J.: 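Provided herewith is a single structure, encoded as structure tokens, for subsequent inquiry.
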Amino acid sequence: MDYHIPPDTVVHDEVFAAAPSNLWHLPKEIWDKIWAKVEGEGVTVAVLDTGYTPHPDLPTPGIAKSFIPGQSVDDGNGHGTHCCGIAVGRNDVGVARKAKLNVYKVLSNSGSGGSDGIARAVREATDDGADVISMSLGSNSPDRATNDAIDYAVSKGVVVVVAAGNAGYNGADTIGWPGKHLNSICTGSYNKAGQISVYSSGGRRLDWACPGEQIISCNTRGGYVAMSGTSMATPFGAGLLALVISLMRREGMAAFTAADAVRAFFEKYCEDKGEPGRDVRFGWGIPKAAEIVAALANDDIVWA
Amino acid sequence: MLRAILFVLLLPSICLAQIDLFEATKSKAVSGLTDPQLIAGRILVGPDSKPAIAEVAIVRVVTAAKFVRVKARKSIFESVELAKIDEQRWLLEGVGRYSVEVTTFDPDTGIDGAQIEVVLGEPTKPDDPTKPPDNPPPSGTFDDIKTISANGSKALADPTTSGRLATSLTGVAPTVRTAADLPSAQASVVNTIENTLLTRMGASRNKDWLGLWRRPLNTAIEAAKQSGRIKTPADYAAVIEAMAAGLQPTGAN
């Protein structure tokens, strides 16, 4: 079985020499306060995508492996590097800007890859010490090996964030696999206005929606480029969960031990959007990043 | 070859024979006295005296050599003069760790030398009879903190993290003791604890150190602060040492 970059992921034409100083999905008036408390220290994000191309705003991956026969980990597509930047980019480009990065090329330069490689990569990323796995990919049908690998990752305390897909929603479930898998954190996309993206797949398995439209991040040919899709929302969610895990670990809290624990967290810390409660378009809603960090930082603890 | 070896072996014993005795005896000296007089077994001093007691050492050298030189060094670069008391005794004073060296020379027997180490402590103020008795040492007053730390550690059953925290806290205690103020001491302690907890691996990550250890301790320490038991960074350092002691395997009660 083949997995693909979610169809209809849009690469916008404009290339920026420098990243705009105040990205809409990382407004400085909010994120400077968040980063003052946590930047993802001590946490590793594994990005399973089209690979990685060095960029001034990207950390050097601790581990970089290719599961595509005949292709190095070098990103000949751009999708993977863009996702890496969203999750862990430095200089205000990424969410968890001090998290470590591991890269697993599971999609070819043309944007597709076999399930065997993806399943192996999920297991290896877990064994390599990932705390969060970001997978901006999907397929129309389930794959046993991939689902088992995700179960394995979650059993080891890894949070697996997967794109819902870009099929939109017309009343019937459009979420792809492995986003639909019970142990995945299924991620939709919303735009600058706080509305769900038209293309964002919907269904009962949706967990939450993250910023996914016109997201500016690292370009493989230098500078920065904007892309749109649940592919972009997914590394944002992965980066945010990296911050959460870093904070929880640092403060001394017990780690998430199941995807359900993460969902309980979302239920508490997402702003409910769309239909009341969990719904097919927004899931639990959109994350209240500043509130999450403030709640986990335990600023009342000043002696021990 | 045999003669050369014998020469090397015998030479030190010949030289050492020049110094019959080289020793340092610690004593205490009172300074800051004006007009001291010994009357009826009491030392009476002027009303403007500001007495302080400091540890000193009397260095004694017994030798038949004609020339004797005694000197002390705090480091390779810092030598300290000793005050000569008489032909056999010198006075060493001032807080520090010293290497005291004696060198003797005699035209008949040649040069000899020896070295000993002397440590002199901090000066202390003599007890003021009008002052109420001091509180017990801080380490004795924070047994409650040690118990809370030990109970939390026991409940968590995470000896790896307990050990790392104990090491970290023991390491930061001297910094806390000399901190400029309590807020800066608190910041360094919280940073130390959080940086240690951030490195948790494996099953340690599933332990609730926040709920079972940090929060109870934070509450107890805050209460100690409110009741006046913690006033200075030194008090807080004693708290940190009590926390560390509670984390040790033997700290559990």
Side-chain angles (χ1 to χ4, degrees), chain A residues 35-45 62 96-100 102 126-132 152-159 241-262 264-265 292-304, chain B residues 142 145 148-149 152 156 158 161-162 164-165 168-169 172 176 182-226 230 235-236 239-240 242-244 246-247:
Chain A
W35 287 324
K37 291 189 184 297
V38 62
E39 297 174 287
E41 301 89 337
V43 170
T44 300
V45 177
R97 59 188 194 180
K98 283 193 177 170
K100 290 173 274 190
N102 286 348
T126 301
D127 293 341
D128 290 338
D131 296 289
V132 183
Y152 171 75
V154 172
S155 76
K156 299 291 183 183
V158 180
V159 179
L241 281 163
L243 296 185
V244 168
I245 291 168
S246 178
L247 255 179
M248 290 173 68
R249 193 172 295 160
R250 187 183 83 192
E251 295 296 311
M253 300 170 75
F256 293 126
T257 51
D260 280 349
V262 182
F265 184 85
I292 291 170
V293 170
L296 295 179
N298 295 295
D299 287 343
D300 59 317
I301 293 191
V302 294
W303 293 102
Chain B
F142 295 113
I145 301 291
I148 293 168
S149 179
L156 284 157
D158 180 9
T161 306
S162 288
R164 286 182 180 165
L165 276 171
S168 300
L169 290 171
V172 80
V176 171
L182 268 175
S184 61
Q186 288 172 263
S188 69
V189 169
V190 170
N191 277 341
T192 297
I193 290 171
E194 293 186 347
N195 286 336
T196 305
L197 290 173
L198 185 59
T199 63
R200 288 180 295 157
M201 302 291 288
S204 294
R205 291 177 177 173
N206 300 331
K207 305 287 186 175
D208 183 13
W209 277 88
L210 177 67
L212 293 175
W213 190 77
R214 291 188 73 193
R215 280 206 175 281
L217 280 169
N218 191 67
T219 303
I221 298 169
E222 179 60 33
K225 168 75 164 54
Q226 294 301 325
I230 300 171
D235 298 333
Y236 187 36
V239 170
I240 300 311
M243 286 164 61
L247 288 164

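A note on names: the letters A, B, ... follow the listed sequences, proteins ahead of strands, and every chain is numbered from 1. Predicted model only: the values in this text are computed from it and were never measured.
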J.: I need the residue from B/L169, B/T196, B/I221 with the largest number of non-hydrogen atom pairs under 4.5 Å to chain A.
T.: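 Most heavy-atom pairs within the cutoff with chain A belong to B/I221.
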J.: Working note: A/W303 + B/I193, criterion side-chain contact (heavy atoms from CB on, under 4.5 Å); need CA distance, chi angles, decisive distance, verdict.
T.: CA-CA 10 Å; A/W303 293 102; B/I193 290 171; over 6 Å; no
J.: Nearest 0.5 Å, what's the CG-CG distance between A/L247 and B/L198?
T.: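 That separation rounds to 9.5 Å.
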J.: Between B/D208, B/I230, B/T161, which has the largest tally of heavy atom pairs under 4.5 Å with chain A?
T.: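 Sorted descending by pairs with chain A, the first entry is B/D208.
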J.: When only pairs under 4.5 Å are counted, which of A/E41, A/M248, A/K156 shares the most heavy-atom pairs with chain B?
T.: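 The option with the most such pairs is A/E41.
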J.: Kindly determine whether A/D131 and B/R205 satisfy side-chain contact (heavy atoms from CB on, under 4.5 Å), including the steps that lead there.
T.: CA-CA 11 Å; A/D131 296 289; B/R205 291 177 177 173; 3.2 Å; yes
J.: Out of curiosity, B/L197 CG to A/R249 CZ, how far, rounded to the nearest 0.5 Å?
T.: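 Those atoms lie 11.0 Å apart.
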J.: Drop me the distance from A/N298's CG to B/N218's CG, to the nearest 0.5 angstrom.
T.: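 Reported value, rounded in 0.5 Å steps: 9.5 Å.
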J.: Non-hydrogen atoms of chain A under 4.5 Å away: do they reach the side chain of B/M243, the backbone, both or neither?
T.: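 Side chain only.
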J.: Partners of B/S162 by side-chain contact (heavy atoms from CB on, under 4.5 Å), sequence neighbours excluded?
T.: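 With neighbours one apart ignored, the set is B/S153, B/W209, B/L247.
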J.: Closest heavy-atom contact between A/I301 and B/R214?
T.: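 Closest heavy-atom pair between A/I301 and B/R214: CG2-NH2, 3.5 Å.
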